[in-house]
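Working notes, structure below.
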Amino acid sequence: MATPYADQAAKTLTKAVPTVDLDGKVIKWEIEVEYCLNDYVSKFNKQADVEAAKAPGQFTKSELLELANTAHLDLVYDSQYESTQIVQPVTETKVDDFDVDSLN
């Protein structure tokens, strides 16, 4: 699904807090992602459970953004951003001096 505003927004991983097991392997992440477009900023917090396979330092930012399910966040951001945009009213002008006899 197209997300025109989220696709243009800067997405920044602003926080990632791991919960580890006794072996030091991550079992859960608390992730915060910030979206920013034209001075409209929105932050999203997600929790993601993961298989205990890697230590915190072995993850990449891309992996954490994927765990945050940014595809879903994109939809939410688009809805929020669109709701803040002021729609310009249509300007109408009545033409009082229209000559109906000029028509065929």
Side-chain angles (χ1 to χ4, degrees):
M1 178 175 246
T3 52
Y5 306 117
D7 290 347
Q8 296 175 50
K11 297 174 194 166
T12 307
L13 181 66
T14 54
K15 183 171 139 183
V17 179
T19 300
V20 297
D21 65 9
L22 293 175
D23 295 325
K25 306 294 184 186
V26 177
I27 57 173
K28 179 171 56 174
W29 282 102
E30 292 178 32
I31 302 168
E32 181 179 86
V33 180
E34 179 181 279
Y35 284 60
C36 182
L37 177 64
N38 298 331
D39 296 328
Y40 180 76
V41 178
S42 192
K43 290 185 179 184
F44 300 99
N45 294 295
K46 298 288 276 190
Q47 287 190 358
D49 294 326
V50 295
E51 286 187 34
K54 299 194 293 189
Q58 294 176 313
F59 283 82
T60 65
K61 287 182 179 181
S62 294
E63 287 176 306
L64 295 177
L65 287 170
E66 187 176 315
L67 287 172
N69 191 7
T70 54
H72 172 72
L73 297 180
D74 287 353
L75 294 171
V76 175
Y77 182 79
D78 266 23
S79 175
Q80 290 177 348
Y81 183 88
E82 192 171 61
S83 72
T84 67
Q85 302 308 298
I86 298 171
V87 178
Q88 296 297 326
V90 176
T91 303
E92 297 178 352
T93 304
K94 187 175 180 181
V95 182
D96 290 324
D97 61 348
F98 179 74
D99 182 9
V100 73
D101 290 331
S102 67
L103 300 175
N104 290 332

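The residues of the chain are indexed from 1 along the displayed sequence.
Between the CD1 atom in Ile31 and the CD atom in Gln47 there is a gap of 9.5 Å [rounded to 0.5 Å]. Between Glu63 atom CD and Leu13 atom CG the span is 11.5 Å, to the nearest 0.5 Å. Taken from CD in Gln80 to CG in Leu73, the straight-line distance is 9.5 Å, to the nearest 0.5 Å.
Under 3.5 Å, the side chains of Thr3 and Asp7 contain a donor-acceptor pair of N or O atoms. Of the N and O atoms on the side chains of Glu34 and Thr12, not one donor lies less than 3.5 Å from an acceptor on the other residue.
The cationic group of Lys54 lies under 6.0 Å from the six-membered ring centre of Phe59 and within 45° of the ring axis, placing it in a cation-pi geometry.
Within 6.0 Å of the CD atom in Glu51, the count of heavy atoms belonging to other residues, nucleotides or ligands does not exceed 12. Within a 6.0 Å sphere centred on CG of Leu103, heavy atoms belonging to other residues, nucleotides or ligands number more than 12.
Side chains of Thr19 and Val26 form no contact here, defined as non-hydrogen atoms less than 4.5 Å apart. Within the 4.5 Å cutoff, no side-chain heavy atoms of Tyr81 are placed close to those of Ser42. Ile27 places none of its side-chain heavy atoms less than 4.5 Å from the side chain of Val20.
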Notebook entry, point to check: How far apart are the C-alpha atoms of Asp97 and Val95, what are their side-chain angles, what is the distance that settles it, and do they pass the side-chain contact (heavy atoms from CB on, under 4.5 Å) test?
Noted result: CA-CA 6 Å; Asp97 61 348; Val95 182; 3.4 Å; yes

Next item on the list: Please test Thr70 against Tyr35 for side-chain contact (heavy atoms from CB on, under 4.5 Å), starting from the C-alpha separation and ending with a verdict.
Entry: CA-CA 10 Å; Thr70 54; Tyr35 284 60; 3.7 Å; yes

Notebook entry, point to check: Between Asp74 and Lys11, does a side-chain contact (heavy atoms from CB on, under 4.5 Å) hold up when you go through it step by step?
Noted result: CA-CA 10 Å; Asp74 287 353; Lys11 297 174 194 166; 3.0 Å; yes

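Between Glu30 and Lys46 no salt bridge is recorded (no basic side-chain N to carboxylate O distance below 4.0 Å).
Residues Tyr5 and Tyr40 are members of one and the same hydrophobic cluster, defined by side-chain heavy-atom contacts under 4.5 angstrom among Ile, Leu, Val, Met, Phe, Trp and Tyr. No continuous path of hydrophobic side-chain contacts links Leu64 to Val17 [ILVMFWY only; heavy atoms under 4.5 Å]. Clustering ILVMFWY residues whenever any of their side-chain heavy atoms sit less than 4.5 angstrom apart, transitively, puts Tyr77 in a cluster other than the one holding Val41.
Across all their heavy atoms, Glu32 and Thr14 have their closest contact at OE1-OG1, 2.6 Å.
Checking side-chain atoms of Asp78 against main-chain N and O of Ala6 turns up a donor-acceptor pair under 3.5 Å. Between the side chain of Asp99 and the main chain of Asp101, a donor-acceptor pair closer than 3.5 Å is present.
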